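If you're wondering where the values come from, they're calculated on a predicted model, not measured in any experiment.
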Amino acid sequence: LAKTTQPISMDSYEGQEVNITCSHNNIATNDYITWYQQFPSQGPRFIIQGYKTKVTNEVASLFIPADRKSSTLSLPRVSLSDTAVYYCLVARTNTGNQFYFGTGTSLTVIP
Amino acid sequence: NAGVTQTPKFQVLKTGQSMTLQCAQDMNHNSMYWYRQDPGMGLRLIYYSASEGTTDKGEVPNGYNVSRLNKREFSLRLESAAPSQTSVYFCASSEGASGYYNEQFFGPGTRLTVL
């Protein structure tokens, strides 16, 4: 089971690009890297998933180096509404003993 | 589509009381999950059901039981509530396709307080 390490918290000003890095040294060949976003008093919401190199969608980009031992979630031009907790998850299947939600990174966007 | 729904939204129990948290999904997903979230602890998996008719323990199953009533519904039961079970409980579901991890869809949560 690949556990992850993320910064506990980050602050950013509105309009800046934010990069949140996750360390997953024990990642296995078949593991995918997934990021979730959680607003206060809500359940987490899927943001992006990748296996290697770079993945981009309308919300974020995910950068994964060749060794896959870390990944970086990039949020372009953040706004106040991006204030949330971001979880990095490494998993190969949906069986309960094959994935792990860490404590996440609390991002605060400052006006 | 309502997605994942949970009832109740809030509940206060006394120590030793029992209750069942209900969860339902309308996305025809195979897999369902129960998590608890405590301050500073992130999400911890209690039980999951990979498919209808199966359930398995997660990271913190003690003090809980689950029932996968049918494909849509997955309930979590506290037989004798303890203050340590004060938490926010989230239900989630996923397609459950084999061979790779696919995204989970979460419900709005149940905030449970045990006095």
Side-chain angles (χ1 to χ4, degrees), chain A residues 1-9 20 22 24 27-52 55 57 59-60 62 64 68 71 84-107, chain B residues 2-6 9-10 21 23 25 27 29-51 54-61 64 66 68 74 88-111:
Chain A
L1 183 64
K3 295 201 174 182
T4 60
T5 303
Q6 305 173 232
I8 293 173
S9 64
I20 305 174
C22 179
H24 28 79
I27 191 168
T29 303
N30 295 333
D31 284 339
Y32 284 79
I33 299 157
T34 309
W35 286 80
Y36 285 82
Q37 175 191 55
Q38 185 179 25
F39 297 114
S41 302
Q42 294 186 25
R45 183 182 70 164
F46 173 89
I47 302 175
I48 197 166
Q49 178 173 294
Y51 184 79
K52 61 180 179 180
V55 179
N57 61 22
V59 176
L62 178 59
I64 306 168
R68 303 198 331 120
S71 58
V85 178
Y86 293 83
Y87 293 95
C88 167
L89 180 76
V90 172
R92 66 199 64 158
T93 72
N94 282 95
T95 55
N97 61 351
Q98 297 295 330
F99 64 87
Y100 171 80
F101 277 93
T103 54
T105 298
S106 178
L107 172 66
Chain B
V4 179
T5 56
Q6 294 183 233
K9 286 185 168 49
F10 301 93
L21 281 63
C23 175
Q25 52 90 9
M27 296 173 281
H29 284 169
N30 291 304
S31 299
M32 298 185 73
Y33 315 82
W34 276 106
Y35 295 88
R36 61 177 288 172
Q37 185 170 41
D38 305 312
M41 295 293 290
L43 288 154
R44 293 186 292 171
L45 184 67
I46 305 171
Y47 271 94
Y48 69 100
S49 172
S51 61
T54 68
T55 61
D56 275 295
K57 295 178 181 179
E59 183 185 356
V60 288
Y64 305 96
V66 291
R68 183 75 182 266
F74 189 38
V88 180
Y89 291 85
F90 289 102
C91 177
S93 71
S94 69
E95 285 185 15
S98 61
Y100 69 97
Y101 177 86
N102 43 96
E103 73 174 282
Q104 296 180 20
F105 294 81
F106 285 79
T110 294
R111 188 173 297 274

Between Ile8(A) and chain B, which part of the residue has a heavy atom less than 4.5 Å away: side chain, backbone, both or neither? neither
If you measure from CG on Asp38(B) to OG1 on Thr103(A), what distance do you get to the nearest 0.5 Å? 12.5 Å
Checking the side chain of Tyr36(A) only, and the main-chain atoms of Gln104(B) only, is there a donor and an acceptor separated by less than 3.5 Å? yes
With a 4.5 angstrom heavy-atom cut-off, which part of Gln37(B) approaches chain A: side chain, backbone, both or neither? side chain
Look at atom CZ of Arg111(B) and say whether more than 12 heavy atoms of other residues, nucleotides or ligands are closer to it than 6.0 Å. no
Locate the shortest heavy-atom distance separating Glu103(B) from Phe46(A); write the atom from each residue and the value. OE1-CB, 3.2 Å
With chain B, which of Ser41(A), Gly104(A), Gly43(A), Pro44(A) has the greatest number of heavy-atom pairs at distances under 4.5 Å? Pro44(A)
Tell me, side chain or backbone of Phe105(B) under 4.5 Å from chain A's heavy atoms, or both, or neither? neither
